[in-house]
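In what follows, a structure is listed as structure tokens, so that the remarks can point back to it.
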2 protein chains.
Amino acid sequence: MTRRDFHRGTEAERRHDLIEATLDCISEAGLQGATVRQIATRAGVTAGLIRHYFASKDIILQEAYKVLIARLTEKAKNLEGTPEQRLSDFIFVNLTEPVANSRSLSLWAAFISRVSVDPALAAIHREGYLSFRAELEELLADFLAGRGAPVTPARIRALAIAINGILDGLWLEGCLAGELFEESELVSIAFSSVEALIGHPIAAPTPTDRDRE
Amino acid sequence: MTRRDFHRGTEAERRHDLIEATLDCISEAGLQGATVRQIATRAGVTAGLIRHYFASKDIILQEAYKVLIARLTEKAKNLEGTPEQRLSDFIFVNLTEPVANSRSLSLWAAFISRVSVDPALAAIHREGYLSFRAELEELLADFLAGRGAPVTPARIRALAIAINGILDGLWLEGCLAGELFEESELVSIAFSSVEALIGHPIAAPTPTDRDRE
DNA sequence: CGATTAGTTATACGCTTGAATAACTGCTAA
DNA sequence: TTAGCAGTTATTCAAGCGTATAACTAATCG
């Protein structure tokens, strides 16, 4: 019985690999499928190593949730260009790859179903949600100010809630049954809805703009 | 050691109680908390009885999912009144109790996270979703026909997708962070969004109408 | 009232789980 | 080259899981 070969990794590497393996397990087999043994197998290590990097299974799940939220929201941050371009891009990135796909939804739903059960996950969720809406509110304020429209906090807040809801709902539909519509269909519905809500037209990002990236 | 007292129930009673217990367990402790022993304890029976009524744990979960879907959609069916009233009620019931609350979301998310993993759940989900959207398309067709507006299948379909998305998104927001807005806030956002999309005003249900029910 | 049976309990089995710990070894530094 | 240690493996443990089955008993019927 020969002992299995292994190579020593840096802490950052290992933690990254283990979290990635955790997300893979969840997306492919649900939260129940994310056992320490499955995670370890997928990461190419033995189960005991997980406990060396994470104090418990709960902890690695929390870390994985943080990574997921970051991945789902990072594209919508640090947008550049005019307020109109940024608002337009905000809508676009949230309804297209890599944010909108069935894997994202599967992961998101798995964690959401535990948010009301696990206070630690609830805290992580709340922070992510508030930060996301704050970003949207800022975009809206800039956009409306540029249009010379009245910018009261109450109106900004209401608009952000509505637009956030619309984007969430279309994201959901697209992830759940993406094969039922063209990608551009949901995006164009989102644009017309948002335009109707804020009372201003918004130029959609042109394909050539994106291709050049 | 005295044997535990028990009373014999009818099949319908028992199945109902066991499914209800299953939903309670999931909403309070997540899918992982819905073990046969926990379900049995909550239903006031012993674990073995579950296998007497359901061939496996998977089966009881599938039945519970069917019940959940029925509960989330039944209010939106069998609506009465003019097309405008029915459309208006459709929007209203989907964004207020008992459809919109954190327990519903928690249950919904738990099952959704397994839809992409478990083909049986996927089939149940798909049927519920298509039936829900068909209902909405019928409402829209009736409404638009009454307004003398052009009613092409393509337009109905696009509108149904958009409105479904908006309702889903607002439902989600309300369930996730209900304390952050008034109930009427989300409902009124929904109405103004839908009005903007279909290009016609819709009379919201009046409080007195509902009180009289 | 006694026999029957279907609904229910009780118990046990094999397996998996998260966790703890001991043994090993690739790597680094001197 | 080698000593030491931190990273990794291997093994073990108790608890909990879904399931199977045998024993019991409340209700039913002649």
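Proteins get letters first, then strands, A, B, ... in listed order; numbering begins at 1 in each.
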*Counting only side-chain N and O atoms of A/Tyr53, is one of them less than 4.0 Å from OP1 or OP2 of D/dG7?*
no
Calculate the interatomic distance between [X] atom [atom1] and [N] atom [atom2]; express it in whole Å.
X	N	atom1	atom2	value
B/Leu49	D/dA26	CG	C1'	14 Å
A/Arg4	D/dA10	CZ	P	6 Å
B/Arg14	D/dA26	CZ	P	14 Å
B/Phe54	C/dT8	CZ	P	12 Å
B/Asp5	D/dA27	CG	C1'	15 Å
B/Arg15	C/dT8	CZ	P	13 Å
B/His52	C/dT9	NE2	P	11 Å
B/Leu18	C/dT9	CG	P	10 Å

*Hey, is B/Glu185 close enough to A/Arg157 for a salt bridge, meaning N to O under 4.0 Å?*
yes
*Are any of the side-chain nitrogens in B/Arg155 or B/Glu137 under 4.0 Å away from the carboxylate oxygens of its partner?*
no
*the helix from C/dC1-D/dG30 to C/dA30-D/dT1: angle between end helix axes, five pairs per end, rounded to 10 degrees*: 10°
Strictly distance-based, threshold 3.5 Å: is any side-chain N or O of [X] a donor or acceptor partner for the main-chain N or O of [Y]?
X	Y	result
B/Asn101	B/Glu97	no
A/Gln85	A/Thr82	yes
B/Ser104	B/Ala100	no

*asked:* Within the 4.0 Å limit for protein heavy atoms, which parts of nucleotides 15-25 of chain D are touched? Write it as a string from 5' to 3', B for base, S for sugar-phosphate only, - for none.
replied: --BBBS--BSB
*Can A/Glu63 and A/Tyr53 be counted as having a side-chain donor-acceptor contact under 3.5 angstrom?*
no
_Tell me whether B/Lys57 at atom NZ has more than 12 heavy atoms from other residues, nucleotides or ligands lying less than 6.0 Å away._
yes
*Considering residues at least two apart in sequence or located in another chain, which fulfil the side-chain contact (heavy atoms from CB on, under 4.5 Å) criterion with B/Val117?*
none
*Could you grab the distance from atom CG of A/Leu140 to atom CZ of A/Arg86, nearest 0.5 Å is fine?*
10.5 Å
